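Notes follow the structure.
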Amino acid sequence: MATKIKRCLFVGLGGTGLTTLLHTKRMLIDTYGEVPPMIGFLGIDTDGNAYTKSLPSKYGEVTLAPNEQVKIQVTDPSGIYLNYRDRFS
């Protein structure tokens, strides 16, 4: 009996989460030759350099595509602190 694949979104948070996403994506690519269209990935991290990670696969390098990345960097933390100083202890 064939295994049915259902829609699924894998979410990774932080560096370890992104590494886990890459390993999961590589496993799917090594198994099916591609990521099935009903499976998606979303990596969230404050470190923009974390998205440069890749893993080798028998089909080439596995990386997160730009549409699978959410960079949540704070560009001016001192300005936020100065504006909302009363909220920080």
Side-chain angles (χ1 to χ4, degrees):
M1 178 179 218
T3 304
K4 287 188 175 185
I5 300 175
K6 296 183 181 182
R7 281 190 284 179
C8 185
L9 175 66
F10 292 95
V11 179
L13 182 61
T16 303
L18 293 178
T19 301
T20 303
L21 284 180
L22 287 174
H23 282 281
T24 304
K25 190 172 183 179
R26 181 177 67 178
M27 179 191 64
L28 289 166
I29 291 172
D30 285 346
T31 302
Y32 298 108
E34 65 181 3
V35 176
M38 71 288 289
I39 295 178
F41 298 93
L42 179 62
I44 303 170
D45 201 338
T46 58
D47 180 13
N49 294 328
Y51 297 104
T52 59
K53 293 181 184 178
S54 65
L55 289 176
S57 157
K58 61 183 176 182
Y59 294 101
E61 290 291 311
V62 177
T63 61
L64 288 179
N67 66 336
E68 299 172 333
Q69 306 171 12
V70 176
K71 297 172 182 144
I72 55 171
Q73 295 173 315
V74 178
T75 56
D76 184 23
S78 61
I80 293 171
Y81 174 74
L82 293 174
N83 287 335
Y84 301 101
R85 187 176 294 177
D86 59 323
R87 298 182 186 177
F88 294 94
S89 57

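By convention here, the first residue in the shown sequence is residue 1. All values derive from a computational prediction rather than experimental measurement.
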_Go through it in stages, so that I can follow the logic: the residues are Ile29 and Val35, the test is side-chain contact (heavy atoms from CB on, under 4.5 Å), and I'd like the CA-CA distance, side-chain angles, deciding distance and then a yes or no._
CA-CA 5 Å; Ile29 291 172; Val35 176; 3.7 Å; yes

*Going only through I, L, V, M, F, W and Y residues with side-chain contacts under 4.5 Å, is there a path from Leu22 to Tyr32?*
yes

*asked:* Is there a continuous path of hydrophobic side-chain contacts, each under 4.5 Å between heavy atoms, that joins Val70 to Val74?
replied: no

*Taking all non-hydrogen atoms of both residues into account, name the closest pair between Glu68 and Lys25 and its distance.*
OE1-NZ, 2.8 Å

_CA sep, side-chain torsions, deciding dist, call: Asp76, Ser78, side-chain contact (heavy atoms from CB on, under 4.5 Å)_ = CA-CA 6 Å; Asp76 184 23; Ser78 61; 3.2 Å; yes

*Should Leu9 and Leu21 be counted in the same cluster of Ile, Leu, Val, Met, Phe, Trp and Tyr side chains packed under 4.5 Å apart?*
no

For a quick test of your reading: what N or O donor-acceptor pairs under 3.5 Å do the side chains of residues 13-20 make, sequence neighbours left out?
unit_1: Thr19; atom_1: OG1; unit_2: Gly15; atom_2: O; d: 3.0
unit_1: Thr19; atom_1: OG1; unit_2: Lys53; atom_2: NZ; d: 3.2
unit_1: Thr20; atom_1: OG1; unit_2: Thr16; atom_2: O; d: 2.9

*Plane angle bin for Phe88 and Tyr81 - parallel if under 30°, tilted between 30 and 60°, otherwise perpendicular*: tilted

*asked:* Within the 4.5 Å heavy-atom criterion, are Ile39 and Pro36 side-chain neighbours or not?
replied: yes

*What's the verdict on side-chain contact (heavy atoms from CB on, under 4.5 Å) for Leu28 and Phe41, showing C-alpha distance, side-chain angles and the deciding distance?*
CA-CA 12 Å; Leu28 289 166; Phe41 298 93; 3.8 Å; yes

*Inter-residue atom distance Ile72.CD1 - Ile44.CD1, 0.5 Å rounding*: 6.5 Å

*asked:* Could you work out, with side chain to side chain contact (heavy atoms under 4.5 Å, CB included) as the rule, every residue matching Gln69, not counting sequence neighbours?
replied: Tyr51, Leu64, Lys71

Table please: side-chain donor-acceptor pairs of residues 54-61 below 3.5 Å, with sequence neighbours left out.
unit_1: Ser54; atom_1: OG; unit_2: Glu61; atom_2: OE1; d: 2.8
unit_1: Ser57; atom_1: OG; unit_2: Asp30; atom_2: OD1; d: 2.8
unit_1: Ser57; atom_1: OG; unit_2: Tyr59; atom_2: N; d: 3.1

